[in-house]
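Written out below as structure tokens is the structure these notes cover.
A, B, ... follow the sequence lines: proteins, then strands. Residue 1 opens every chain.
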2 protein chains.
Amino acid sequence: MFFAKRQRTLIFRVNGYLLSLIAMFDLLFKHISKRVTLSSSELEFLTTVFIPKKIRKKQYLLQEGEICKWMTFVSKGCLRSYTLDAEGKEHIVQFAIEDWWIADMYSYLTGEPSEYIIDALEDSELLMLDIKGKETVLENIPAFEKFLRMLLESNHIASHRRLHTMMTKTAEEKYLNFIHSYPQIMQRVPQHMVASYLGISPETLSRVRKQILATK
Amino acid sequence: MFFAKRQRTLIFRVNGYLLSLIAMFDLLFKHISKRVTLSSSELEFLTTVFIPKKIRKKQYLLQEGEICKWMTFVSKGCLRSYTLDAEGKEHIVQFAIEDWWIADMYSYLTGEPSEYIIDALEDSELLMLDIKGKETVLENIPAFEKFLRMLLESNHIASHRRLHTMMTKTAEEKYLNFIHSYPQIMQRVPQHMVASYLGISPETLSRVRKQILATK
DNA sequence: AAATGGCATTGACATATGTCAATGCTCTTT
DNA sequence: AAAGAGCATTGACATATGTCAATGCCATTT
């Protein structure tokens with residue numbers, strides 16, 4: 001009786017795990033298929049190279065001074081990357097939610113220690129690709145080169161746009177721009193982190209929001 | 001006599017033109033070879049796809065509202081891309097000197113009209129690649145996909161770094177950072193354009209420089 | 001139910017940077 | 001040689017945003 005119960009539990013666990021794995025890879029496949037078409041054997045190959053990982057809220061994925069070993073695809077949850085300045089203040093560089101990637105590409109590509117920190121803002125599910133894995137995929141799946149190139153092109157455009165708003169817009173415009181571009185993220189992360197991402201103080205963001213509410 | 005003279009001149013011109021063409025492509029070849037190895041027939045193929053162009057100081061390469069049809073490799077000279085804001089003030093997004101690329105990738109990839117302007121700050125020599133050409137190259141030279149991916153990776157890193165300094169540094173730090181990273185450009189372009197690139201006013205840059213000279 | 005920690009808000013005040021206007025320099029054009 | 005354009009510098013002043021400190025709210029933990 002005891003045994004049977006244990007076994008059932010185990011099977012449930014294994015089933016649950018497999019189901020969640022399937023869902024994770026399913027999102028990755030859809031993500032890639034938006035840009036290039038892979039054969040089913042190629043997709044299957046990906047499952048042997050990406051490392052699935054679950055991570056709890058507040059856990060680190062990368063700590064300052066470590067080498068960033070992974071390009072990480074977020075299949076569930078929310079992470080951020082940030083730096084600490086001389087005064088120990090956080091500056092958030094990026095949020096990543098489902099269907100996005102996060103990494104310190106500088107550290108990843110050069111092998112230099114990272115100045116960034118990546119941690120989880122929610123319990124999250126990740127698919128991680130190390131340099132070796134990336135090379136294997138590039139060797140075995142020609143279209144993946146194209147996929148990466150196109151991903152980087154999108155990224156390039158987004159970076160330029162962000163830089164431009166950072167340089168030329170007021171705090172209010174930055175905020176309006178943010179809630180327009182990323183309404184989901186605004187809901188999910190604390191306001192002071194959005195402020196940090198926008199490069200303004202939490203107090204200023206609070207005042208900007210008050211101001212906006214007043215005028216409409 | 002008259003004829004003979006004309007002919008000699010013509011030959012000189014043609015020779016000069018060919019020599020300059022060779023130099024232009026030579027730089028492009030070296031640029032590409034830093035990242036991937038191409039066969040000589042592949043290199044030769046590139047000369048049939050890239051369009052050489054000379055452009056005089058102050059000429060436009062892209063005007064606001066036009067579609068950006070070209071990815072442009074600068075083999076000589078200096079260009080900039082910038083926007084005009086609501087008050088008509090210039091915001092410089094990028095400088096490009098020899099061995100760099102310039103384009104509005106958003107417009108180039110989507111075919112939407114550009115919000116950017118690209119013009120020459122010096123007489124310049126360019127090698128230009130339109131979308132059709134890019135596709136042809138990608139079809140005929142597999143390694144070019146890898147080259148583009150790696151170029152975009154470098155770009156990605158540089159954008160992140162720039163964004164970070166824009167967000168977290170003072171005017172003085174931005175300036176010091178700039179002259180450290182791009183001493184050549186500082187020499188070649190007017191100071192107020194550097195200010196614009198750094199997102200600060202020309203007056204502030206002037207004061208920052210004075211301040212730096214005083215303290216050392 | 002009480003205690004705690006994280007967070008947003010608000011007010012008073014400080015400051016870096018922008019704006020405007022004047023001056024003078026240097027180089028090119030006439 | 002004169003004129004003009006483009007540019008860097010400087011001073012006076014304006015302002016957006018940051019900093020510091022206090023308050024109160026809400027959710028989670030004990």
Aromatic A:Phe144 / basic B:Arg149 pairing, under 6.0 angstrom, 45° off normal: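 Verdict for A:Phe144: no cation-pi partner in B:Arg149.
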Sequence neighbours excluded and cut-off under 3.5 Å, please list the side-chain donor-acceptor pairs for residues 66-74 of chain A, or say none.
from: A:Glu66; atom 1: OE1; to: A:Gln63; atom 2: N; distance (Å): 3.3

Are a donor atom and an acceptor atom from the side chains of B:His164 and A:Thr83 found within less than 3.5 Å of each other?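 There is such a pair between these side chains.
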Contact check, side chains of A:Ile97 and A:Ile185, non-hydrogen atoms, under 4.5 Å: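 Yes, their side chains come closer than 4.5 Å.
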Mind running side-chain contact (heavy atoms from CB on, under 4.5 Å) on A:Met166 and B:Leu163 for me, showing each step along the way? CA-CA 8 Å; A:Met166 291 302 307; B:Leu163 184 67; 3.7 Å; yes
Taking [atom1] from [X] and [atom2] from [N], how many angstroms apart are they, rounded to a whole number?
X: A:Lys57; N: D:dT28; atom1: NZ; atom2: C1'; answer: 11 Å
X: B:Leu205; N: C:dT19; atom1: CG; atom2: C1'; answer: 16 Å
X: A:Glu90; N: C:dC7; atom1: CD; atom2: C1'; answer: 14 Å
X: B:Ile212; N: D:dT9; atom1: CD1; atom2: C1'; answer: 15 Å
X: B:Arg209; N: D:dC7; atom1: CZ; atom2: P; answer: 15 Å

B:Asn155 CG to B:Glu153 CD distance, which is reported to the nearest 0.5 Å: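 B:Asn155 CG to B:Glu153 CD: 10.5 Å, rounded to 0.5 Å.
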If you measure from OG on A:Ser206 to CZ on A:Arg209, what distance do you get to the nearest 0.5 Å?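 With rounding to 0.5 Å, OG (A:Ser206) is 7.5 Å from CZ (A:Arg209).
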Contact residues, residues 179-195 of chain A to DNA chain C [heavy atom, < 4.0 Å]: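 Under 4.0 Å from DNA chain C: A:Pro190, A:Gln191, A:His192.
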Where along nucleotides 10-17 of chain D does protein come under 4.0 Å, by heavy atom, of base (B) or sugar-phosphate alone (S), with - for untouched nucleotides? BBB----S
Could you label the plane-to-plane angle of the A:Phe50 and A:Trp101 rings as parallel, tilted or perpendicular, counting under 30° as parallel and over 60° as perpendicular?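 Ring orientation of A:Phe50 relative to A:Trp101: tilted.
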